[in-house]
Amino acid sequence: MAGVRTVEAAVGKRPLWTQLYVQVLAAIALGALIGHVWPQTGEALKPLGDAFIKLVKMIIAPVIFLTVVTGIAGMRDLGKAGGTAVKAFAYFITVSSFALIVGLIVANTVHPGWAMKAVDPASLDVTKVTGYADKAHDLTIVGFLMDVIPTSVVGAFADGNILQVLFFAIPFGIALAMIGEKGQPVLTVLDATAQAFFKLVAIFMRAAPIGAFGAFAFTIGKYGIASVVSLAGLVATFYITSILFVLVVLGAIAALNGFSILKLIRYLKEELLLVLGTSSSEAALPSLLEKMERAGASKSVVGMVVPTGYSFNLDGTNIYMTLAALFIAQAMRIELSLEDQLLLLGVAMLSSKGAAGVTGAGFITLAATLQVVPTVPLAGMTLILGIDRFMSECRALTNFIGNAVASLVVARWEGQLDREKLAAVLNAKPGELAARPIEADAD
């Protein structure tokens with residue numbers, strides 16, 4: 001057997017204040033209070049959030065590499081790896097495209113932009129969004145595909161580029177499996193190294209309250225609650241749409257595959273609060289990998305689906321793109337025909353994939369979409385620039401839950417989901433976790 005990783009968990013009730021999700025929630029509340037009452041102090045706390053995110057990003061590349069390689073190398077049937085990838089991408093394309101359509105439907109139904117006083121495009125300062133426009137202009141399908149191939153193996157890890165790490169890890173895992181017994185010593189070392197890295201993740205997560213405190217204090221201190229009030233209609237529409245998408249659409253997908261979306265959200269509450277506090281789903285990526293495996297999904301499926309989902313399965317970002325584009329058009333009293341909206345939808349489908357792995361992808365892909373659909377002026381993006389930060393939390397949370405659901409669904413399709421483990425972790429009472437071993441996929 002390639003190895004057995006024991007999940008260290010406290011069985012039984014623990015004092016509430018010792019639980020990570022409670023600490024993170026308290027840190028977010030304290031950060032919001034400081035940012036609101038003492039804005040300059042809140043802004044000055046930004047390094048705490050940045051430091052924590054850098055701490056986690058430092059280990060993302062090796063964690064993904066080790067999870068993918070040991071998962072694939074431990075598979076008895078390498079053909080399953082290709083089948084898993086095909087099913088994962090079919091799921092990503094279907095669900096993320098549906099998210100774009102949901103954003104389009106809601107914008108046409110609620111009309112959030114019409115609540116604003118008509119905006120004259122000539123009165124907007126386009127220089128505020130030129131940086132995003134420049135980045136969007138550089139996004140091409142060919143350029144994206146070429147960027148997936150790392151200049152060197154070391155460079156992929158040094159840059160922390162998830163897609164480049166995957167590009168190397170998948171064939172390396174296949175090669176390790178193909179050489180059979182000769183590769184067993186390497187696999188044993190990598191499996192032991194993976195255990196060490198997951199222990200490191202657990203250690204780093206203890207600093208999550210500090211990171212969430214600093215990041216949230218900065219957000220409130222710099223941008224202020226007042227910036228949300230002026231565009232409350234759009235913010236509320238986006239949050240409500242995302243919540244309904246998670247509960248109804250992802251909830252239906254979860255139910256069809258034998259688990260409850262509400263129980264899954266409760267299981268991931270610590271990670272979700274961390275994402276909320278830091279506005280970064282990457283901050284919880286290593287922990288998501290470990291928790292999905294603990295929930296019964298095989299290591300090979302988790303390693304394939306979760307990292308690629310972080311680039312290609314962005315449900316929250318897709319809802320935001322079409323909703324924000326139509327909001328801008330409505331605020332400028334620009335009537336978009338059905339043909340214009342279908343063009344917007346098609347471009348958004350492509351641009352959302354072309355910006356995979358790009359920092360600030362939500363705003364950049366919106367810029368890329370509007371550049372191709374000239375009916376809506378790019379300058380209109382300045383209308384939502386001030387509140388984009390407050391919507392990024394919702395985007396990240398929706399993306400995170402979407403990828404958790406995807407990993408369990410694809411694992412079930414592949415027959416690599418342990419239903420007993422899944423039921424145990426989802427039905428565990430608050431403060432309790434079953435101390436069950438996570439076994440390797442194969443001998």
Side-chain angles (χ1 to χ4, degrees), residues 8 17-36 38-67 157-162 165 194 196-223 267-292 306-307 310-311 316 357-362 388-401 403-404:
E8 295 187 0
W17 62 269
T18 65
Q19 301 199 29
L20 185 60
Y21 78 93
V22 175
Q23 296 173 0
V24 172
L25 189 60
I28 290 173
L30 182 59
L33 177 64
I34 290 178
H36 180 64
W38 300 288
Q40 291 184 335
T41 302
E43 287 191 55
L45 293 172
K46 184 176 186 290
L48 292 178
D50 291 346
F52 175 73
I53 292 174
K54 288 185 69 176
L55 200 65
V56 175
K57 284 187 174 182
M58 176 181 71
I59 59 173
I60 285 178
V63 164
I64 290 175
F65 174 77
L66 292 166
T67 302
F157 286 89
D159 295 337
N161 189 311
I162 294 177
V165 172
F197 267 94
F198 276 109
K199 172 60 71 174
L200 190 60
V201 169
I203 294 172
F204 284 173
M205 284 300 108
R206 301 315 304 175
I210 298 174
F213 167 71
F216 215 75
F218 165 75
T219 298
I220 301 298
K222 182 173 177 63
Y223 300 99
Y267 174 57
L268 297 171
K269 59 182 177 294
E270 293 178 354
E271 289 72 23
L272 290 170
L273 285 171
L274 179 58
V275 172
L276 173 65
T278 61
S279 295
S280 172
S281 56
E282 284 190 348
L285 172 55
S287 184
L288 179 61
L289 290 168
E290 193 270 344
K291 275 203 166 181
M292 289 298 95
V306 173
Y310 260 62
S311 294
V358 177
T359 303
D388 182 70
R389 174 77 182 195
F390 291 97
M391 292 194 287
S392 68
E393 282 92 349
C394 188
R395 288 199 301 262
L397 288 168
T398 308
N399 292 342
F400 186 86
I401 296 172
N403 284 310

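Computation of the quantities below employed the complete heavy-atom set of this structure, encompassing side-chain atoms and omitting hydrogens, waters and symmetry-equivalent molecules. Keep in mind it's a predicted model, so treat the numbers as computed, not measured.
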Are [X] and [Y] packed together at the side-chain level, in the sense that at least one heavy-atom pair is separated by less than 4.5 angstrom?
X	Y	value
Pro286	Leu200	no
Tyr310	Leu288	yes
Glu270	Leu274	no
Lys199	Phe204	no
Ile60	Phe65	no
Ile34	Leu45	yes
Met292	Leu268	yes

Worksheet item: Is the shortest distance from a Lys or Arg side-chain nitrogen in Asp50 or Lys46 to a carboxylate oxygen in the other one below 4.0 Å?
Response: yes

Which atom pair, heavy atoms only, marks the closest approach of [X] to [Y]?
X	Y	result
Ile28	Phe216	O-CD2, 3.5 Å
Ile220	Ala32	CG2-O, 3.7 Å
Ala396	Val275	CB-CG1, 3.5 Å
Ala208	Val24	CB-CG2, 4.1 Å
Pro209	Ala27	O-CB, 3.1 Å
Ala283	Met205	O-CE, 3.8 Å

Nearest 0.5 angstrom please: [X] [atom1] to [Y] [atom2], how far?
X	Y	atom1	atom2	result
Glu271	Leu285	CD	CG	11.0 Å
Leu33	Phe213	CG	CZ	9.5 Å
Ile59	Leu66	CD1	CG	11.0 Å
Lys269	Leu25	NZ	CG	11.5 Å

Worksheet item: Where the side chain of Asn399 meets the backbone of Gly316, is there a donor-acceptor pair that is under 3.5 Å apart?
Response: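 Yes, the answer is positive, given that a donor and an acceptor are paired below the 3.5 Å cut-off.
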
Worksheet item: Just by modelled atom types, is the Tyr267 backbone N or O under 3.5 Å from a matching donor or acceptor in the Lys291 side chain?
Response: yes

Worksheet entry | Residues forming a ring pair (Phe, Tyr, Trp, His ring centres under 6.0 Å) with Phe197, sequence neighbours excluded |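 Once residues adjacent in sequence are excluded, Phe197 has no partner under the ring pair (Phe, Tyr, Trp, His ring centres under 6.0 Å) criterion.
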
Fill in: Other residues, nucleotides, ligands: >12 heavy atoms within 6.0 Å of Ile210 CD1
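Open.
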
